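Bear in mind the structure is a predicted one, so any value in this text is a computation, not a measurement.
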Amino acid sequence: MSAEAKKPRTDPTIRVNIERIDKLLNLMGEVIVNQIDTEDQVRDLGGLKKRSREMQASFTDLVNQVEQLKQNSGPEQIAAISEKLAGAEQIAGSLAEDLEVTASQLKENTSTRRLALDELQDRTLHVRMLPLSTIFDIYPRVVRDASGVSGKNVHLHISGEGTELDKRILEQVSDPLMHIIRNCVDHGIESAADREAAGKSEQGNIHLSAGQKGDRVEIIVEDDGGGINPGKVRKTALAKGLISENDELSFEDSLELLFRPGFSTAQTVSSISGRGVGLDVVKNNIEKLEGSVAVESSLGMGTRFTVSLPVTLAVISGLLVE
């Protein structure tokens, strides 16, 4: 099978739709920024309203003081002062009333637009999502092909394929997952003779599952093979100069070595598990998607890879503290 045939092909229509959605999301981001600015203006108007009320109070105090001055002033002076005060008080009252109405309308419009923006964001993000079955459906054949090449009897069990993920993440995580699954067939599952000797069924099993936890999606690839032998890992690491004879490694340290560049326990280069490409490439590609990959293993029982990914890369909600 050629490299092109192994990769899932993206429908050109889907690719165009993704580009359109990206543009829509960028536009939505600008609208959200404008919305935040408008909300700031609403708060500023609130401050102006407060200052307007304070001005009215000052005019009231001034009127009281002028009333006292009237007793010592002539009729013409009193009339001129009263006229100016009345005009100033009218202007202040009108300003306060206009500010009150404008602030109320702006607040109402802002609240309505916020609700519309939230709905638009939710709907747009939903359009970007696709079920994991989009890529999970190709893996049974991958396992069958790898099993045939390796001479092993391996069955793939799939669950959680309805879990949704951003289209861009979905496309880019397909190959890393395929590499992990092939590794499980090539390195994880034992030969039929070894499984029989270990008291296992001849058929090896790989479980591929997915589920959403908050704003993350966890994809688990687990096999019931022989597990990772820390002694073999140490021997390989020594041969490649990754550690020295004096280095003491815990079991967890041994598992971390699997993700070091160039590390591989394969005796020969195999087309099944990536032609010598190690798990470091898998880790790097997943981390580029703001994800992570972890491995657990039990000698003689099997190995589990857990890939954690964000549901989407489109919008990030954040809090800026200055």
Validation row: [X], [Y] side chains within 4.5 angstrom (heavy atoms):
X    : Y    : result
F259 : V293 : yes
R182 : H179 : no
F136 : P131 : no
R195 : I189 : yes
E256 : L249 : no
E287 : S292 : no
V307 : P176 : no

In Å, rounded to the nearest 0.5 Å, how long is the span from [atom1] of [X] to [atom2] of [Y]?
X    : Y    : atom1 : atom2 : result
I181 : L208 : CD1   : CG    : 5.0 Å
T303 : N183 : OG1   : CG    : 10.0 Å
S209 : L132 : OG    : CG    : 10.5 Å
E190 : K200 : CD    : NZ    : 3.5 Å
N285 : S174 : CG    : OG    : 11.5 Å
T312 : E164 : OG1   : CD    : 11.5 Å

Inset, instruction - Please test E161 against D137 for side chain to side chain contact (heavy atoms under 4.5 Å, CB included), starting from the C-alpha separation and ending with a verdict. - result: CA-CA 9 Å; E161 63 271 30; D137 287 347; 5.6 Å; no

Inset, instruction - For residues 188-210, pull every pair meeting ring pair (Phe, Tyr, Trp, His ring centres under 6.0 Å), keeping only residues two or more places apart or in separate chains. - result: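 Every ring pair (Phe, Tyr, Trp, His ring centres under 6.0 Å) pair that includes a residue of residues 188-210, provided the two are not neighbours, is H157-H207.
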
Inset, instruction - Quick one: which residue pairs count as a ring pair (Phe, Tyr, Trp, His ring centres under 6.0 Å) with a foot in residues 290-309, not counting sequence neighbours? - result: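 Listed once each, the pairs would be none.
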
Check: [Y] main-chain N/O paired with [X] side-chain donor or acceptor under 3.5 Å:
X    : Y    : value
R234 : E248 : no
N205 : D224 : no
D247 : S244 : yes

Considering all heavy atoms, the nearest [X]-[Y] contact:
X    : Y    : answer
S297 : F251 : O-CE2, 3.2 Å
V185 : S147 : CG1-N, 4.0 Å
D186 : K152 : O-NZ, 3.0 Å
G291 : R216 : CA-NH2, 3.7 Å

Inset, instruction - Could you walk me through whether I228 and S254 pass side chain to side chain contact (heavy atoms under 4.5 Å, CB included), step by step? - result: CA-CA 9 Å; I228 297 171; S254 299; over 6 Å; no

Inset, instruction - Determine, stepwise, if the pair M129 / V311 fulfils side chain to side chain contact (heavy atoms under 4.5 Å, CB included). - result: CA-CA 9 Å; M129 309 299 282; V311 173; 3.0 Å; yes

Inset, instruction - From the options L177, I219, L309, I169, select the one residue that forms a side chain to side chain contact (heavy atoms under 4.5 Å, CB included) with I286. - result: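 The residue from L177, I219, L309, I169 that satisfies side chain to side chain contact (heavy atoms under 4.5 Å, CB included) with I286 turns out to be L309.
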
Inset, instruction - Return yes when atom CD of Q203 has more than 12 non-hydrogen atoms of other residues, nucleotides or ligands closer than 6.0 Å, and no otherwise. - result: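 Yes, the 6.0 Å shell around CD holds more than 12 heavy atoms from other groups.
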
Legend entry - Full working for side chain to side chain contact (heavy atoms under 4.5 Å, CB included) between I135 and V173: CA-CA 9 Å; I135 59 173; V173 79; 3.9 Å; yes

Quick check: is [Y] connected to [X] through a chain of hydrophobic side chains (ILVMFWY, heavy atoms under 4.5 Å apart)?
X    : Y    : value
I220 : Y139 : no
M301 : I206 : no
L242 : L258 : yes
L255 : L299 : no

